[in-house]
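Counting convention: from 1, in listed order, for ligands and their atoms alike.
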Amino acid sequence: MDVKAIVGKRVYAFEEGDGKNKKLLGGKGANLCEMTQIGLNVPPGFVITTDACLDYLDSPLRRLPQGLMEEVRGHMRALEEKTGKGFGKPEHPLLVSVRSGSALSMPGMMDTILNLGLNSATLQGEIAETGDPRFAYDAYRRFIQLFGKVALGVPEKLFDRAFEEVKHKAGVVEDVALAATDLQEISERFLRVVEEHTGRPFPDDPFEQLEIAIKAVFNSWTGKRAVDYRAYHHITPEMANGTAVNVVTMVFGNRGNDSATGVAFTRNPATGENKLFGEYLVNAQGEDVVAGIRTPKPIDRLGSEMPGMAPQLEALRQRLETHYQEVQDFEFTIERDILYCLQTRNGKMNATAMVRSSVEMEREGLISREQALLRIQPDMLEQMLFPRLDPLVRAEPIAQGLPASPGAACGIAIFDADRAEQLGRDMGQKVILVREETKPEDIHGFFAAQGILTSRGGKTSHAAVVARGMGKPCVAGAEGISVNVARREAYVGEVAIREGDLITIDGTTGKVYRGQIATVEPDFTPELNTLLGWADEAARLCVMANADTPADARRAVKFGAVGIGLCRTERMFNDPARLPIVIEMIVAESPEERQAALDRLLPMQRADFKELFEVMSPNPVTIRLLDPPIHEFLPDEHQLERELRELHRLGETTRGIAVLSGTLSLIHAPAAQRAEIESMRRLVDPVLVEDAIAKKETMLRKVRALHETNPMLGHRGVRLGISFPEIYRMQIRAILEAAADCAQKGIEVHPQIKVPQVCTAQELKKVKSYVDEVEEEISARYGHPVSFKFGTMIEVVRACMRAESLAQEAEFFSFGTNDLTQATFSFSREDAENKFLPLYNQSGILQDNPFEVLDVKGVGKLMQIAIEWGRKSRPDLHVGICGEHGGHPSSIRFCHEANLDYVSCSAARVPVARLAAAHAALLART
Ligand code: ADP
Ligand code: MG
Ligand code: MG
């Protein structure tokens, strides 16, 4: 019986292996097979499968699978026939390389062994054949060194020491100056090094060498470097399991000046330019290029140095690209004017290069539009849209925090929001706001700063969320930095950062640097516009933006958003010029007082909305009525108490001074002294202090009255709108009047009024009644009806369950998946992310962070139900998502499949979402 029939084939010649089966043959092996089969000049060789590797690793004593070496011997015989050489034969010795390669390229796997098959006999054959003892001994010593280090575990420095000793003795500086006899001596010393270290002579039998090398490749799969790499990059056995072994006939780039070796990309990996990009070395062996011993030359020069080769290389480039329909990263060697290709794989490129090559390859007819879109991972585009640190600048970071909001920024360190505003806004300086953590009252500092750095808090801390919303870089939780706001200093270990010192932060990596590091501006290239245009054609989902200010909206338009899916009106309330009025509105003791404050806010909101409408025209703008608990606009209770205590103390002092001056008028104090006391008295008027105390007390009372145990589940959203109808009425009026104003000017606008936190249709009915009232009055006043849509957020579980009846009031649903996720899991986001979620993820209880990746099984199910039921009562119900998930590719895929009409995400994510929406449509089709 045929043994192979039972255990299956474990070795494939390059002529027979399936070039698509990377799991079985490894990426390198599969591509060597494929290149051979399409007629490229690959040195003959074969691949031992990853299955053989797994069998070997599974065997209790780590024995090669039975029959494997016989199979290998068979293939070696075939190699001998193909090459006309003999393995271990002094006449025309056959030498091979032994190379690892798994399904995914994985640094950390075993280094390649070159020149295997050399021993004392074949060495002589090699000398006789080439007539070049120097070349032969050089090959020999390289082999002993590589084999000794990689397969036998001999420390590299033992070889280095022996090498240096001979070099010293020979009195040469450069390796190339070593004579054949020097290299012979080095080889002999290397053999002794191996024998001394391993206690056994260096294996002379080529098949023994081969067997040891194969085992070493297999073993490297479970080596620490490889295991760590897989863990770090989340490489699962489904993605890559075991390594293959490639045995390849040696070709020599070091046979003289008609030989060379090099690596190249078929297109420039940094720019995408359609031109061969790479480096080469004349008269060198492969590893020399990578090892950096000699400086390689740019590939452009090959034409002048080896005129015949450049066209051949160009032809190879064309063949590779036409065949793989992807930019290739390949290795080549030229032996005596013959070009060999030794490896190819898909080139890793940056986003700019990916986009440019996609568009150009489509135009060249190399790939379809669909391929052009699908070959780029949507998340990659984010790289292109933020200022980045100049990649040419090398600098050591002083601290590492969390990459909380992408992009790089440089400015002077400033430790409080007021000063940041003074210097940043008023004096036009570039400022980085540095805080332990930030609070809502720091918001004006954010506006004035280039970026934000905090030493505490996570990716969902206030600083992170606000910075992301504004599209400003933020590094959060840089724990290595201790911030002392009072002294206006921060420390990183011993190093102090003082106010005014230049620092640079990189919110994409979380790194913090001292001094100024050049940044490069984002490039929204014509190619990117073309590609995204194609994406829009392919996609079914529309992409809108979450934008709160006209500046956000302008960015959103630039990035291709077709509307605003979420405008958070509270951001407009937080503006420092308005906050006092907002506070007045909140602390008002009567409806009249409240109305007075609202009357002052109305024109401001109306102006905001008008500007937003104008920027977005003719696209829709969805405005969410006030959502957060109102005490968020008020000062902190403890701070108020502290301030009151201080005011009381001041009150006593001023009263004391009043008493003193009164007393002094009774006794005859000298005139000079009396004047002094009088001026002191005038300095602080006790009446003013009393006023201040009264104000603060009212405020404190209000803060206490508004205190909630659980504000996020408390008096907020539509609940506020029901208790304080005048607030919602003012906002509704501002929206509709702004729309009417625009319409009058001939600007096409589509406002959409969105009610947050709704759980029952009764709430919607109530708010709708305000809308109707206001609308009736305005349309009467303007003489034409105002067109708008009325709809609801869906972010409460009950709202999903009552979707059918909500849809009778609402013309659109907008899923607020941040809150809906909290509500579905009953996790508070901050607590989850800071406490137990990492453990849940690590231990596999939850696969992803549901606040980043939409939980399709739970939250998604609720969404599907809500959509189905909602559309039952209103078939043309418009449905979108505005949580952070709206910018996340896999969540967008779900939104496409769940039949949403649009996704809405921060402006910065809009291009990512556009491409992801196209991917969703294209992948759903296949
Ligand atoms: P890596 O995966 O680290 O790139 P490779 O197996 O590709 O390792 O090999 C390392 C170097 O040795 C490369 O420069 C490669 O081109 C060269 N090399 C490998 N096999 C041969 C061979 N048979 N003949 C000549 N050079 C080779
Ligand atoms: Mg390689
Ligand atoms: Mg919400």
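The residues Glu211 and Lys215 are annotated as salt-bridged, a charged nitrogen and a carboxylate oxygen being separated by less than 4.0 angstrom.
Checked against Asp329 for a salt bridge (Lys or Arg N to Asp or Glu O under 4.0 Å), the options Arg317, Lys28, Arg345 give a single hit: Arg345.
Here the side chain of Asn41 pairs a donor or acceptor atom with the backbone of Leu339 at under 3.5 angstrom. Using modelled atom types, one side-chain atom of Asn283 and one backbone atom of Gly256 make a donor-acceptor pair closer than 3.5 Å. Not a single donor-acceptor pair under 3.5 Å links the side chain of Glu527 to the backbone N or O of Val359. Looking at Glu71, its side chain does come within 3.5 Å of a backbone N or O of Arg10 through a donor-acceptor pair.
Looking at Gln343 and Asn31, their side chains never come closer than 4.5 Å, going by heavy atoms from C-beta outward. Val248 places a side-chain heavy atom less than 4.5 Å from the side chain of Phe14.
Ligand 1 places these atoms under 4.0 Å from at least one heavy atom of Gln343: 4 (O), 7 (O). Listed by number with element, the atoms of ligand 1 under 4.0 angstrom from any heavy atom of Leu114 are 12 (O), 18 (N), 19 (C), 20 (N), 21 (C), 27 (C). Every atom of ligand 1 with a heavy atom of Lys28 under 4.0 Å away is listed here by number and element: 1 (P), 2 (O), 5 (P), 6 (O), 7 (O), 8 (O). Listed by number with element, the atoms of ligand 1 under 4.0 Å from a non-hydrogen atom of Val248 are 23 (N). Each of the following atoms of ligand 1 lies closer than 4.0 Å to a heavy atom of Thr112: 5 (P), 6 (O), 8 (O), 9 (O), 10 (C).
Taking all heavy atoms of Glu335, Glu331, Gln285 into account, the minimum distance to atom 13 (C) of ligand 1 is reached by Glu331. For atom 20 (N) of ligand 1, the nearest non-hydrogen atom from the set Pro44, Gly101, Ser97 belongs to Ser97. The option from Thr249, Thr261, Thr333, Leu95 that lies nearest to atom 23 (N) of ligand 1, judged by heavy atoms, is Thr249.
Residue contacts to the Mg ion (ligand 2): Thr112 brings no N, O or S atom closer than 2.8 Å.
Considering backbone and side-chain N/O atoms, Val251 comes within less than 3.5 Å of an N/O atom of ligand 1.
With the Mg ion (ligand 2) as the vertex, atom OE1 of Gln343 and atom OE2 of Glu331 span an angle of 100° (nearest 10 degrees).
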